[in-house]
Amino acid sequence: MDSPKIKSIIESLLFVSGEPVKLAKLAKICQVEKKEVEKSLEEIDVFYKEQNSGFRVIKSGDSAQLGTSPENAEFVSQLVSGEINSELSKSALETLAIVAYRGPITRTQIEAIRGVNTSYILRSLLMRGIIERKEISETRGFLYEASFDFLKSVGIQAVKDLPDWDQLSKNEKIEEILAINQEENNITKDQ
Amino acid sequence: MDSPKIKSIIESLLFVSGEPVKLAKLAKICQVEKKEVEKSLEEIDVFYKEQNSGFRVIKSGDSAQLGTSPENAEFVSQLVSGEINSELSKSALETLAIVAYRGPITRTQIEAIRGVNTSYILRSLLMRGIIERKEISETRGFLYEASFDFLKSVGIQAVKDLPDWDQLSKNEKIEEILAINQEENNITKDQ
Amino acid sequence: MYNVKVPKFEGPLNLLLELIEEQKLNITEMSIAQVADDYLEYVRGEENISLENLADFISIASKIILIKSRSILPILEVTSEEEKEIKDLENQLQLYKKFKDAGGEFDKLLRSGKRIFSRDYLLGVSTVFVPAKNLNAFDLKKTFKNIIDQITLPEKLPKEAVRDIITLEEKINEFQKRLESRVEFSFSQMKESAKDNIEIIVSFLALLEMIKQRIVMVEQNSLFSEINIKKFKALTIHGQPKNQINN
């Protein structure tokens, strides 16, 4: 494999990984020597700096990570605080309402109720600490529920204190759509 | 602010967000016109391709996202497991094709092309995040279009890069058939 | 509940195209006429078609029958509206094929493994609880109630949509009863008793079907003259036709 190709692969790998990646791991995936990886990383970072790119290579010990250029920090923090402080979108509010009234609940169940994919919204609600999740098992994913901080912020102690919780949390239409969805998952899993 | 600086900021922002970011949001943070953002995004992507970089800019509708080069997919998949892409049925694939080439499109229009009720397939594509919908208005239902996740899973950066885009995306005959069937549907179906 | 048994062909265009492609034909009026019998046979025999989809199958069937009729019977007058219907079906089928083929290309792309990966949302940014602005418990209740209202449970078969469609079976049964009371009657009599064009078409289809099943035989002495329908003489020998519906 030639050097530009290795650099390209290393960029892709560091991009998708949120955590520092061991150089040995990069070397293994690229099927080259660790030395080659080290050299590539240096060249990549020099290139980023020369080009005034928005990325930087962060090296610590035996690992490397991709980050943003420090010169862009103020813009990045504008984006982050905008994301975290913005009002909830309609989809986010819907998802939150389902998690609050029906939690603990799985992602598949939330999606059955809303009829659309919810992975991004769940991530952003988790990110903001509005909901929490706990793992059921490796294969079956997570259970989501409203966070205590969130409940406090709307002035209640537990989900049971939500208006009409007794009635709404057991709504028949919802029970039915979940039952149908369960059935479909069992029967037509691969259609 | 000069053009290289804007491009650098955009790179940083897309990197940190991870998810698609609205062009308007990028423009606001960079304090430039949306047109300028569009131009920068194009230049960034041209540069990535020229340099054989590990990144690509994905564009759909009014948003952009940063992703890895599809050429590096076999290496990246050794580090992160992509979403499990269970197989799509032929009906799902053909519906997806209509949505990708003709979106944003209404359900009635999709059904005019397929000649059969498509609500079940649309629901399942929505739940899997392969297509997205936006509400037109309370009464007129939804417009469907291909999602970023779809583009990513076929390794294509924008719908216009799909095979035979020019031929399939617009066609006078389609317009005519759609118009006819819509009339029929208005009378015979009440969905 | 959803009908989880999925029929082999999801829609009428899907079926029609498959039949045409099976015979390696191009999409033309001629080839539609050629596969008409197979189409109708399938629609009659497939039990997994949901009632709702059946309406779609029958609506296309009526157009196919029109095409078939014209190819067999030159005397059949076709209105300009029907002419357009025929052309539209051809166009619709061609358009449908394009997207079906495009779906096949998507399948290849999906299998090619050349996917693009992205980063998770705000990866590496630490979580802090930020209360959602201007949100109270009653907003949640209102939102949740709206969601409940918007849930559309999978239909309960939409009977109204198909109630008015005369099925092939009904028509065949009706003819058989008539044949029992009168040994011979003409196609124009049959046409007169029809409520609308669709019913004429279904009648004609039923007629073709009965000829095929040897329930009846038809006579036409000269071109454009009356078609006479008679009970097939060998009926008692052949016994019940295989697809006959017993009420």
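What you are looking at is a predicted structure, and each value in this text was computed from that prediction instead of being measured.
- Of all the heavy atoms in V16(A) and L123(C), the pair that sits closest is O-CD2, 4.1 Å.
- Interface remark: L140(C) contributes backbone and side-chain atoms alike to the contact with chain A (heavy atom separation under 4.5 Å).
- For Y121(C) and Y120(A), the distance between ring centers is under 6.0 angstrom.
- Using a distance-only test at 3.5 Å, with no hydrogens or angles considered, a donor-acceptor pair links the side chain of R119(C) to the main chain of F15(A).
- If you measure heavy-atom distances from N171(A) to chain C, the contacts under 4.5 Å come from the side chain alone.
- Contacts of I98(A) with chain C are made by both backbone and side-chain atoms, with heavy-atom separations under 4.5 Å.
- The residue among L88(A), V80(A), N85(A) with the most heavy atom pairs within less than 4.5 Å of chain C is N85(A).
- Interatomic distance, OG1 of T143(C) versus CG of L96(A), reported as 8.5 Å (0.5 Å rounding).
- Heavy atoms of I113(A) lying under 4.5 Å from chain C belong to its backbone as well as its side chain.
- Surrounding NZ of K170(A) are more than 12 heavy atoms belonging to other residues, nucleotides or ligands, all under 6.0 Å away.
- Atom NZ of K59(A) sits in a crowded spot, with more than 12 heavy atoms from other residues, nucleotides or ligands closer than 6.0 Å.
- For the atom pair R114(A) CZ and Q150(C) CD, the distance stands at 10.0 Å (nearest 0.5 Å).
- Using a 4.5 Å cut-off between heavy atoms, K142(C) makes no contact with chain A at all.
- Using a distance-only test at 3.5 Å, with no hydrogens or angles considered, a donor-acceptor pair links the side chain of K173(A) to the main chain of I151(C).
- Other residues, nucleotides and ligands place more than 12 heavy atoms under 6.0 Å from the CD atom of E175(A).
- Contacts of L14(A) with chain C are made by backbone atoms alone, with heavy-atom separations under 4.5 Å and no side-chain atom involved.
- Counting heavy atoms from C-beta outward, R123(A) and D120(C) have side chains that approach closer than 4.5 Å.
- Contacts of S17(A) with chain C are made by backbone atoms alone, with heavy-atom separations under 4.5 Å and no side-chain atom involved.
- To the nearest 0.5 Å, atoms CZ (F129(C)) and CE (M127(A)) are separated by 13.0 Å.
- Within the 4.5 angstrom heavy-atom criterion, only side-chain atoms of L162(A), from C-beta onward, approach chain C.
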Give the intermediate values and the outcome of side chain to side chain contact (heavy atoms under 4.5 Å, CB included) for residues F144(C) and E94(A).
-> CA-CA 7 Å; F144(C) 194 63; E94(A) 280 181 17; over 6 Å; no

